[in-house]
Amino acid sequence: MKGDRSDVITRINDRYASMSKSHKRIAAFIADHYEQAVFMTAARMGEELGISESTVVRFASGLDYEGYPELQKALEAWVQSKLSRVQKISARYGKSTQSEILNAVLAADIEKLQHTMEHLDPDAFETAVDIILQAKTVYIVGIRSCEPLADFLSFYLNMIRGSVHLVRTTNISEIFEQIIRIDERDAMIGISFPRYSMRTLKAMEFANDRNAKVITITDSIHSPMNLYSSCNLLARSDMVSIVDSLVAPLSVINALVVALCVKCPEEVKQELEILEAVWNNYEIGIHDEINFIGEEPVMGETWKRETDG
């Protein structure tokens, strides 16, 4: 094997920006469908992507592998390392009590929050707030485990300002269908943490090519998400178990929402007053929320009857 010995996904991330269009297609397929790719021959992958077998072989060489079989072995090793994490977690916590597991995970999350506080660039944060406020339309992309973060940010941005578009997708073509009109007046927020999403990266590349402002919420200066972003918000997100820790990224998103509210309090107040009027006029949520009178919980309909009476 030539060159460095970093794992195959790291190599793909590091070299993605300089790849040809056909090689980017291969990179995106491997990153997003590694469970299938690990069993594919070069000919089968080429057939799947509508490109030649020789292009797949050249892709492997471009990553400093002697040939496609060596790339396939490296991908197999990477997949096996992911599967072994379950065994490592079992070995680490197998003899711990539930309380000890709880304390260990919470302590790890506190450490990630502290690290994020110390390393997040305040100038980048302020720039992100200004970009979001000034954009005509804000597009938000978060896939797989980052989807809840994108949902959360979209929900609150919609309460602060209009024209927020949450990109929902199961494949790359659906992304482009939803962002095809993005231009220099717009902004995109891409959220991605290891294992990084090539679909999110491609969306950010497209937005950058259209001269839109691009913000990323990711974990490190080495993240490929920084390739097409003009504003990088870094939040620590290590694997504490078989799931990603999203505590620090969510806190950064909370901070964005609060900062936006502080920047335009009158607009936020007006938006909330309109929403409240809609809720009252159309009796939205009266069966869905619990209010408190004194210390007694009262369901929405009961609360409405008592206040009306």
Side-chain angles (χ1 to χ4, degrees), residues 1-94 104-105 108 112 143-147 170-172 191-202 205 218-227 236-246:
M1 187 183 297
K2 300 180 290 184
D4 64 78
R5 292 185 174 272
S6 58
D7 68 75
V8 61
I9 300 300
T10 299
R11 292 192 192 196
I12 288 173
N13 289 337
D14 288 346
R15 303 176 196 203
Y16 180 83
S18 60
M19 291 179 184
S20 66
K21 289 184 178 179
S22 57
H23 284 192
K24 284 181 177 179
R25 288 180 63 192
I26 300 170
F29 180 80
I30 290 175
D32 286 337
H33 305 282
Y34 61 88
E35 302 96 332
Q36 299 169 244
V38 71
F39 298 110
M40 287 183 170
T41 63
R44 177 70 186 86
M45 186 175 293
E47 181 182 346
E48 176 74 21
L49 297 174
I51 57 179
S52 67
E53 179 181 355
S54 60
T55 300
V56 179
V57 173
R58 285 195 296 272
F59 173 81
S61 298
L63 293 179
D64 289 334
Y65 293 108
E66 296 290 347
Y68 182 80
E70 190 172 18
L71 182 150
Q72 197 172 29
K73 288 180 181 177
L75 184 59
E76 182 180 355
W78 186 83
V79 172
Q80 288 177 343
S81 72
K82 284 181 65 66
L83 295 175
S84 70
R85 286 177 184 167
V86 177
Q87 296 173 328
K88 290 178 181 177
I89 294 302
S90 178
R92 179 177 178 181
Y93 295 112
V105 172
K112 292 173 183 61
I143 295 171
R144 294 195 300 266
S145 63
C146 293
E147 188 172 352
T170 57
N171 60 60
I172 191 65
I191 308 172
S192 190
F193 293 85
R195 177 177 60 91
Y196 304 108
S197 167
M198 280 293 173
R199 283 176 284 168
T200 302
L201 185 62
K202 277 183 170 288
E205 181 182 10
T218 190
D219 67 316
S220 126
I221 57 172
H222 304 295
S223 167
M225 299 300 126
N226 300 330
L227 289 171
R236 187 75 172 267
S237 177
D238 291 335
M239 295 277 287
V240 70
S241 63
I242 59 174
V243 297
D244 297 317
S245 172
L246 299 177

Subject >> Nearest-0.5 Å distance that lies between atom NE2 in H33 and atom CE in M45 >> reply: 10.5 Å
Original post:
Closest heavy-atom contact between M19 and L63?
Top reply: CE-CD2, 4.1 Å
**OP:** Give, for atom NZ of K21 and atom CD1 of I51, the distance between the pair rounded to the nearest 0.5 Å.
**Re:** 14.0 Å
Original post:
Does E53 have any side chain to side chain donor-acceptor pair (under 3.5 Å) partners at least two apart in sequence or in another chain, and if so, which?
Top reply: none
Original post:
When rounded to the nearest 0.5 angstrom, what is the spacing between CG in L49 and OG1 in T55?
Top reply: 10.0 Å
Original post:
Of all heavy-atom pairs between M225 and T200, which one has the smallest distance, and what is that distance?
Top reply: SD-CG2, 4.1 Å
**OP:** Sort and list the pairs that fulfil side chain to side chain donor-acceptor pair (under 3.5 Å) and have at least one residue in residues 38-47, not counting sequence neighbours.
**Re:** R44-E48
Original post:
Out of Y34, Y65, F39, which residue meets the side-chain contact (heavy atoms from CB on, under 4.5 Å) rule with L75?
Top reply: Y34
Original post:
Between I12 and M198, which heavy-atom pair has the shortest distance, and what is it?
Top reply: CG2-CE, 3.4 Å
**OP:** Ignoring hydrogens and angles, tell me if any N or O in the side chain of S192 forms a donor-acceptor pair with the backbone of S197 under 3.5 Å.
**Re:** yes
Original post:
Does any non-hydrogen side-chain atom of Y196 lie less than 4.5 Å from one of S223?
Top reply: yes
**OP:** Supply the atom-to-atom distance W78 CH2 to I9 CD1, rounded to the nearest 0.5 angstrom.
**Re:** 4.5 Å
Original post:
Quick one: side chain to side chain donor-acceptor pair (under 3.5 Å) partners of E76, sequence neighbours excluded?
Top reply: none
Original post:
Is it true that the side chains of T10 and D7 contain a donor and an acceptor less than 3.5 Å apart?
Top reply: yes
Original post:
Is the shortest heavy-atom distance from the side chain of E205 to the side chain of K24 under 4.5 Å?
Top reply: yes
**OP:** Taking all heavy atoms of N226 and all of S220, pick out the closest pair and write down the distance.
**Re:** ND2-O, 2.9 Å
Original post:
How about R25 and S22: does a side-chain donor come under 3.5 Å of a side-chain acceptor?
Top reply: no
Subject >> Heavy-atom pair of closest approach, residues Y68 and A37 >> reply: OH-O, 4.0 Å
Subject >> Spatial distance of atom CG (L227) from atom OH (Y16) [nearest 0.5 Å] >> reply: 9.0 Å
**OP:** Indicate the atoms forming the closest heavy-atom contact of F193 with T218, along with that distance.
**Re:** CE2-C, 3.3 Å
